[in-house]
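What follows is one structure encoded as structure tokens, with my remarks underneath.
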Amino acid sequence: EPEVTQTPSHQVTQMGQEVILRCVPISNHLYFYWYRQILGQKVEFLVSFYNNEISEKSEIFDDQFSVERPDGSNFTLKIRSTKLEDSAMYFCASSPDRVFAHEQFFGPGTRLTVL
Amino acid sequence: AQTVTQSQPEMSVQEAETVTLSCTYDTSESDYYLFWYKQPPSRQMILVIRQEAYKQQNATENRFSVNFQKAAKSFSLKISDSQLGDAAMYFCAYRVYSGGGADGLTFGKGTHLIIQP
């Protein structure tokens, strides 16, 4: 069964450094998303991406964040200058076409630790 | 803005018993979807069940069923014949239907379900 994959599973970085989190959505899916879950808190929507551009973004998704689909398979989240409060689990998700876009399939997550 | 509230931070049930997890939500929209996601210790979010707001019939997936009360904005999850593998965090989530797929999910804070052997 196809699944969303994410790399790395755990990323440790120093405050102020740039990080790139990578995701490979399910092939043929058209909508892509990033979510964040700070330890012990609820999952929060960051951004959605469709047709090579951002469709929706939350208040959390400020200028420090960017997303990109550099090729036909990868979907990346970049944090330009990490802060301690960026430490969280980051989940990528994808949805099929518009008809079935209500179903989002999640990846296993990347745990980001900012020191 | 939409909000999702799960009032039970933790629930415990004996194996083989039935447990109900509560969820309420607030929205001014008429078309939307509601979901229950399971997050085991591995942290991956797994879809358990989905309900379309326009459907009056409650969704059922094997041992999992929902009680959807649109007027009360309530969406509870019932797990029958609880199994040890059901132990996890359960998140209730909402998504508006806008005709496209760009909308993100709004999650509740989760309920930690413990299964007692």
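What you see is a predicted model, and the numbers here were worked out from it, not measured in a lab. Chain naming here is simple, since letters A, B, ... match the order of the sequence lines and numbering starts at 1 in each.
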Is [Y] reachable from [X] through a run of I, L, V, M, F, W or Y residues, each pair having side-chain heavy atoms under 4.5 Å apart?
| X | Y | result |
| --- | --- | --- |
| F49(A) | Y33(A) | no |
| V4(A) | V67(A) | no |
| L112(A) | L77(A) | yes |
| V43(A) | L47(B) | yes |
| Y37(B) | L39(A) | no |

Item to check | Which atom of Q44(B) lies closest to which atom of F91(A), heavy atoms considered | outcome: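 Looking at all heavy atoms of both residues, the closest pair is CA-CE2, 4.4 Å.
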Checklist entry - For R95(B) and E103(A), which heavy atoms make the closest approach, and how far apart are they? => result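 Reported closest heavy-atom pair: NH1-N, 4.1 Å.
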I'd like to know whether [atom1] of [X] has more than 12 heavy-atom contacts from other residues, nucleotides or ligands below 6.0 angstrom.
| X | atom1 | result |
| --- | --- | --- |
| N28(A) | CG | no |
| R22(A) | CZ | no |
| E10(B) | CD | yes |
| K70(B) | NZ | yes |

Item to check | Under 4.5 Å from a heavy atom of chain B, the part of Y35(A) involved | outcome: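 Only the side chain of Y35(A) comes within 4.5 Å of chain B.
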From [X] atom [atom1] to [Y] atom [atom2], the distance as rounded to the nearest 0.5 Å:
| X | Y | atom1 | atom2 | result |
| --- | --- | --- | --- | --- |
| M89(B) | K42(A) | CE | NZ | 12.0 Å |
| Y33(B) | Q104(A) | OH | CD | 11.5 Å |
| F106(A) | L105(B) | CZ | CG | 5.0 Å |

Next on the checklist: Strictly less than 4.5 Å between heavy atoms, which residues of residues 53-62 of chain A line up against chain B? Please order them by number.
Outcome noted: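 Within residues 53-62 of chain A, the residues under 4.5 Å from chain B are S55(A), E56(A).
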Item to check | Remaining members of the apolar cluster that contains V12(A), side-chain heavy atoms under 4.5 Å | outcome: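 Traced through the cluster, V12(A) reaches L115(A).
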Checklist entry - Residues sharing Y54(B)'s hydrophobic cluster, by side-chain heavy-atom contacts under 4.5 Å among ILVMFWY, directly or via others? => result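 Via sub-4.5 Å side-chain contacts, Y54(B) links to none.
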Next on the checklist: For Q6(B), which atoms come within 4.5 Å of any heavy atom of chain A: side chain, backbone, both, or neither?
Outcome noted: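 Neither part; nothing is under 4.5 Å.
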Item to check | Interface residues of residues 106-117 of chain B facing chain A - non-hydrogen atoms under 4.5 Å apart | outcome: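 Heavy-atom contacts from residues 106-117 of chain B to chain A are F107(B), G108(B), K109(B).
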